[in-house]
There are 2 protein chains.
Amino acid sequence: MNKYIKPERKIWSELVKRPVLQREKLTELIIDIFNEVQKNGDKALIEFNKKFDKTELKNINISDEEMQNAEKQISNELKKAILDAKENITKFHASQIPEIQKIETTKGVVCWRENRAIERIGIYIPGGTAPLFSTVLMLAVPAQLAGCKEIILCTPPDKNGNINAAILYTAKLCGVTKIFKTGGAQAVAAMTLGTESIPNVYKIFGPGNQYVVAAKEFAQKYNVAIDMPAGPSEVLVIADEQAIPEFCAADLLSQAEHGSDSQVVFISTDEKVFSQTIEETEKQLKKLPRNEMAKKSLENSHFILLRTIDEALEFSNLYAPEHLILAIKDYEKYIPKIQNAGSVFLGNYSCESAGDYASGTNHTLPTNGFAKNYSGVSLDSFVKKITFQNISEQGIKNLGKTIEIMAEAESLSAHKNAVSVRLNNIK
Amino acid sequence: MNKYIKPERKIWSELVKRPVLQREKLTELIIDIFNEVQKNGDKALIEFNKKFDKTELKNINISDEEMQNAEKQISNELKKAILDAKENITKFHASQIPEIQKIETTKGVVCWRENRAIERIGIYIPGGTAPLFSTVLMLAVPAQLAGCKEIILCTPPDKNGNINAAILYTAKLCGVTKIFKTGGAQAVAAMTLGTESIPNVYKIFGPGNQYVVAAKEFAQKYNVAIDMPAGPSEVLVIADEQAIPEFCAADLLSQAEHGSDSQVVFISTDEKVFSQTIEETEKQLKKLPRNEMAKKSLENSHFILLRTIDEALEFSNLYAPEHLILAIKDYEKYIPKIQNAGSVFLGNYSCESAGDYASGTNHTLPTNGFAKNYSGVSLDSFVKKITFQNISEQGIKNLGKTIEIMAEAESLSAHKNAVSVRLNNIK
């Protein structure tokens with residue numbers, strides 16, 4: 001835990017720095033995996049299952065029986081929670097479907113945009129101890145709303161060759177068309193190149209370890225798009241005198257438990273809230289069942305006392321956090337000053353967990369300072385916006401001269417001629 | 001010119017292939033250029049001017065005098081054309097500014113998105129014989145509308161150390177904040193890393209040769225975003241019996257004149273229009289003042305006779321053209337069937353030149369099949385969409401249990417606790 005009391009502005013640029021990730025060395029390994037998948041397809045994936053997931057599978061598909069069992073294994077309580085979350089996520093992402101707006105820019109010249117779904121998309125869901133069915137919701141719900149024809153999901157099997165039941169249940173619920181038991185860089189390679197079982201896709205979404213991240217980056221060389229560049233998850237909490245230290249501490253810890261490289265930043269303008277939040281964080285940490293990760297992550301965290309909320313927001317904009325919590329009064333007033341952030345949580349009752357699971361916003365957000373130049377995942381991430389134009393005889397008469405003059409000035413005479421032949425024809 | 005009469009479907013996958021670009025070998029050169037710019041800043045750029053642009057400059061800035069002279073050098077006719085185009089581009093892109101739409105997903109849980117401009121963006125404009133002031137319009141107009149604080153433009157000087165007057169005039173008109181005389185990979189490196197004169201930016205836009213394309217790709221390693229991956233420009237024209245061969249030929253040639261690697265595809269369902277368009281293309285080609293490029297590009301072009309418009313659109317969706325012209329009757333009816341395209345031109349009077357210059361749509365579009373997974377440049381390209389949520393006491397009471405159950409099922413107890421502390425506090 002690093003404490004800074006009213007730090008001078010000249011050290012801010014140090015405080016907003018993220019840990020540098022070493023990724024260069026992975027490239028050769030990733031190339032090998034892509035080559036292996038390209039050469040041997042499904043067979044390569046089964047070999048990788050043996051090597052990395054310590055399980056021997058005959059094939060990478062999910063049987064009908066497995067799907068049915070999954071549904072039975074989940075409690076009704078969890079099913080209801082998933083359904084409630086799905087409803088909220090659907091409501092919010094459905095509101096992002098735009099109405100077609102036809103604009104007559106010049107009399108007789110009508111322009112507009114229409115959404116078209118990306119036809120085939122791939123979702124990667126990591127394995128491990130935390131079965132991220134919430135990420136299935138966050139990616140499959142907007143994919144289905146957008147109208148993606150094929151929604152492929154890859155996730156690694158456990159040692160017994162199984163996939164977590166909640167992941168299977170949620171995938172089916174949200175219209176995932178095919179699920180495969182394969183993980184890591186090889187899953188990304190398979191969705192990029194296609195195998196006998198797995199169709200190649202046009203865009204790959206989802207979180208993962210450094211191998212998955214490197215593989216997604218590499219996939220772009222094969223003209224596949226990805227959701228966004230990745231980095232460790234982060235939260236920045238700004239708290240004034242009316243903030244509740246118990247809540248702030250809980251929010252910081254919920255970020256810290258994601259992993260030892262999670263970034264946690266706490267800023268307060270109030271000395272009492274500042275010191276009480278530190279105390280509360282230490283107190284709550286002890287009560288967490290598995291607190292090793294949170295403990296490590298907190299070691300690198302920053303607790304900063306600043307003078308004003310304006311100053312705090314200035315720092316936040318420089319940091320560009322994935323999650324920004326404004327535990328302040330009059331938060332409405334400060335919204336226009338937020339420049340760089342992935343998702344913002346307003347007031348004492350808007351905890352990050354709400355956005356992580358069920359409020360309706362997407363939890364796939366820009367990390368690592370990417371909130372300066374990237375948006376989080378939304379319905380837009382699953383569509384292309386195609387522009388259309390319809391120019392009438394009158395329209396080209398009105399606009400033709402302008403185009404001719406500009407084309408000529410750019411020395412593009414065939415561009416000019418495409419207008420001239422039309423104008424001549426009308427005369 | 002390659003002619004195909006009702007080709008079998010099994011060869012379509014060959015016909016939609018783009019020429020493979022060799023880019024691997026450039027990496028070392030690009031790394032050297034980035035290192036040189038990082039080490040020597042402006043001085044490196046001046047050296048590169050000497051080496052690549054054959055001009056000796058004292059500095060890379062534009063003087064006030066140069067800006068004033070630029071305005072004098074441009075005819076009033078061209079000024080008016082640029083202003084008219086700007087007005088249309090502004091109208092269309094302003095219509096893309098969304099209204100904030102607050103969605104109550106659960107009683108007491110309100111979610112919405114707000115646009116925030118990317119603070120600093122960079123525009124690259126190539127030099128050479130065609131001064132692309134139209135691309136300045138296409139990139140600076142939406143950047144200014146979005147509210148980008150710094151709009152940096154880099155473009156290479158000519159042998160006399162000058163920048164084309166129309167580029168300077170348009171840049172000033174559209175709110176470009178700083179213009180620099182530097183081109184090629186080194187300009188991209190400068191906008192990525194920053195120099196004494198050039199601020200580093202968060203996103204780089206604009207076309208360029210293979211060095212610029214490779215440098216933009218490389219810039220992403222420094223967390224800079226780019227507009228989209230690049231490839232040679234393309235048009236696909238679909239014409240039925242009512243199409244006018246003279247217009248179709250002019251459209252094909254306007255694409256072909258872009259460069260010898262331009263892609264031109266013509267599909268007709270009518271034998272007469274098919275053969276007449278081929279004749280017209282050859283006839284018009286001869287009349288073009290500088291037809292070498294167009295001639296070369298046409299050598300690789302495809303003229304395809306198909307049976308139906310549905311079949312033509314199926315081919316087009318597989319090809320995913322940057323520009324798609326529907327010179328057919330009843331084009332309205334076929335719009336829903338268009339799945340993959342950058343920009344679509346409807347009817348006999350909607351020529352590609354209109355969208356290239358002045359109708360209002362953006363001409364920075366996905367090429368090389370990227371229309372399957374990328375949109376063209378729009379206002380969205382210059383903003384991040386930040387999600388907000390405001391959860392009241394009642395809201396967390398309504399949603400809390402759902403979050404707790406999901407967090408527990410993902411074994412994330414601190415996520416659960418962030419809700420529990422709030423629910424306990426309310427009781």
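Lettering follows sequence order; numbering is per chain, from 1. Small disclaimer: the values here were computed from a predicted structure and weren't measured.
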Q) With chain B, which of Ser411(A), Ala256(A), Cys351(A) has the greatest number of heavy-atom pairs at distances under 4.5 Å? A) Cys351(A)
Q: Check each atom of Val383(A) against the heavy atoms of chain B and say whether the ones under 4.5 Å are side chain, backbone, both or neither.
A: backbone
Q | Leu346(B), Thr361(B), Val344(B) screened by side chain to side chain contact (heavy atoms under 4.5 Å, CB included) with Gln389(A), the one that passes | A | Thr361(B)
Q) Does any heavy atom of chain A fall under 4.5 Å from the side chain of Pro131(B), the backbone, both, or neither of them? A) both
Q) In terms of heavy-atom proximity below 4.5 Å to chain B, should Leu137(A) be classed as side chain, backbone, both, or neither? A) side chain
Q. So, does Ser350(B) use its side chain to make a donor-acceptor pair with the main chain of Ile391(A) at under 3.5 Å?
A. yes
Q) Can you name the nearest heavy-atom pair linking Tyr374(A) to Gln220(B), along with the distance? A) OH-NE2, 4.5 Å
Q | Glu246(B)-Asn424(A) side chain donor-acceptor pair, cut-off 3.5 Å | A | no
Q.
Under a 3.5 Å cutoff, is there a donor and acceptor pairing between the side chains of Glu393(B) and Asn348(A)?
A. no
Q. Heavy-atom distance under 4.5 Å to chain A: side chain of Leu288(B), backbone, both or neither?
A. side chain
Q) Quick one: what part of Glu404(B) sits under 4.5 Å from any heavy atom of chain A, side chain, backbone, both or neither? A) neither
Q | Side chain, backbone, both or neither of Leu326(B) within contact of chain A (heavy atoms, under 4.5 Å) | A | neither
Q) Can you say whether Ile325(B) sits under 4.5 Å from chain A via the side chain, the backbone, both, or neither, judging by heavy atoms? A) neither
Q) Relative to chain B, which segment of Val421(A) carries a heavy atom at a distance below 4.5 Å: side chain, backbone, both, or neither? A) both
Q | Distance-only side-chain donor-acceptor flag, Tyr349(A) / Gln394(B), under 3.5 Å | A | no
Q | Contact leader toward chain B among Gly360(A), Ser134(A), Pro366(A), Ala166(A), where contacts are heavy-atom pairs under 4.5 Å | A | Ser134(A)
Q | Option that, when pairs with chain B are counted at under 4.5 Å, heavy atom only, ranks first among Ser343(A), Ala85(A), Ser392(A) | A | Ser343(A)
Q. Measuring heavy-atom distances to chain A, does Gln339(B) have an atom under 4.5 Å in its side chain, in its backbone, in both, or in neither?
A. both
Q: Could you tell me which non-hydrogen atom of Glu77(B) sits nearest to which non-hydrogen atom of Lys401(A), and how far apart they are?
A: OE2-CE, 4.0 Å
Q) Would you say Glu257(A)'s side chain and His415(B)'s backbone share a donor-acceptor pair under 3.5 angstrom? A) yes
Q | Interface moiety of Asn390(A) toward chain B, non-hydrogen atoms closer than 4.5 Å | A | both
Q) Passes side-chain hydrogen bond (donor to acceptor under 3.5 Å, both in side chains), Lys384(A) versus Asn373(B)? Steps please. A) CA-CA 6 Å; Lys384(A) 303 96 55 182; Asn373(B) 40 11; over 6 Å; no
Q. Is it the backbone or the side chain of Ala294(B) that comes under 4.5 Å from a heavy atom of chain A, or both, or neither?
A. neither
Q. In terms of heavy-atom pairs under 4.5 Å with chain B, which of Leu399(A), Leu253(A), Leu365(A) leads?
A. Leu399(A)
Q) Heavy-atom distance under 4.5 Å between the side chains of Thr387(B) and Phe92(A), does that happen here? A) yes
**Q.** Side chain / backbone / both / neither for Phe370(B) at chain A, heavy atoms under 4.5 Å
**A.** side chain
(Q) If I measure from the heavy atoms of chain A, does Val224(B) come under 4.5 Å with its side chain, its backbone, both, or neither? (A) backbone
**Q.** Spacing of CG belonging to Asp380(A) relative to CG belonging to Asp380(B), to within rounding of 0.5 Å
**A.** 6.0 Å
Q.
Keeping Thr105(B) on the side-chain end and Ser359(A) on the backbone end, is there a donor-acceptor pair under 3.5 Å?
A. yes
Q. Atom CD1 of Ile405(B) and atom CD1 of Ile82(A): how far apart are they, to the nearest 0.5 Å?
A. 10.0 Å
Q: List the atom of Glu410(A), the atom of Tyr357(B), and the distance in Å for their closest heavy-atom pair.
A: OE1-OH, 2.9 Å
Q: Could you tell me which portion of Ile386(B) (side chain, backbone, both or neither) has an atom closer than 4.5 angstrom to a non-hydrogen atom of chain A?
A: both
(Q) Quick check for you: among Phe247(A), Tyr331(A), Phe345(A), which has the greatest number of heavy-atom pairs under 4.5 Å with chain B? (A) Phe247(A)
Q.
Once rounded to the nearest 0.5 Å, what's the spacing between atom OG1 of Thr402(B) and atom NZ of Lys80(A)?
A. 5.5 Å
Q | Any donor-acceptor pair under 3.5 Å from Gln96(A) side chain to Arg113(B) backbone | A | no
Q. Could you give the distance from OG (Ser353(B)) to CD1 (Ile403(A)), rounded to the nearest 0.5 Å?
A. 6.5 Å
Q | Greater than 12 external heavy atoms within 6.0 Å of Lys397(B)'s NZ | A | no
Q) For Gln284(B), is it the side chain, the backbone, both or neither that has a heavy atom under 4.5 Å from a heavy atom of chain A? A) side chain
(Q) Can you tell me which portion of Pro336(B) sits under 4.5 Å from chain A's heavy atoms? Options are side chain, backbone, both or neither. (A) backbone
(Q) Rounded at 0.5 Å granularity, tell me how far CG in Leu78(B) sits from CD in Glu408(A). (A) 10.0 Å
Q: Sort Glu280(B) into side chain, backbone, both or neither according to what part of it lies under 4.5 angstrom from a heavy atom of chain A.
A: neither
Q: Could you look at Ile396(B) and say if it's the side chain, the backbone, both or neither that has a heavy atom under 4.5 Å from chain A?
A: side chain
Q. Does Arg116(A) reach the main-chain N or O of Ile338(B) with its side chain, forming a donor-acceptor pair under 3.5 Å?
A. yes
**Q.** Straight-line distance of Ile244(A) CD1 to Asn425(B) CG, nearest 0.5 Å
**A.** 5.0 Å
Q: Start with the C-alpha distance between Asn340(B) and Glu119(A), add both sets of side-chain angles, then the distance that settles side-chain hydrogen bond (donor to acceptor under 3.5 Å, both in side chains), and finish with yes or no.
A: CA-CA 9 Å; Asn340(B) 302 316; Glu119(A) 288 176 288; 3.0 Å; yes
Q. Relative to chain B, which of Ala354(A), Gly108(A), Gly347(A) shows the most heavy atom pairs under 4.5 Å?
A. Ala354(A)
Q) Going by heavy atoms in the side chains, are Asn223(B) and Lys372(A) under 4.5 Å from each other? A) no
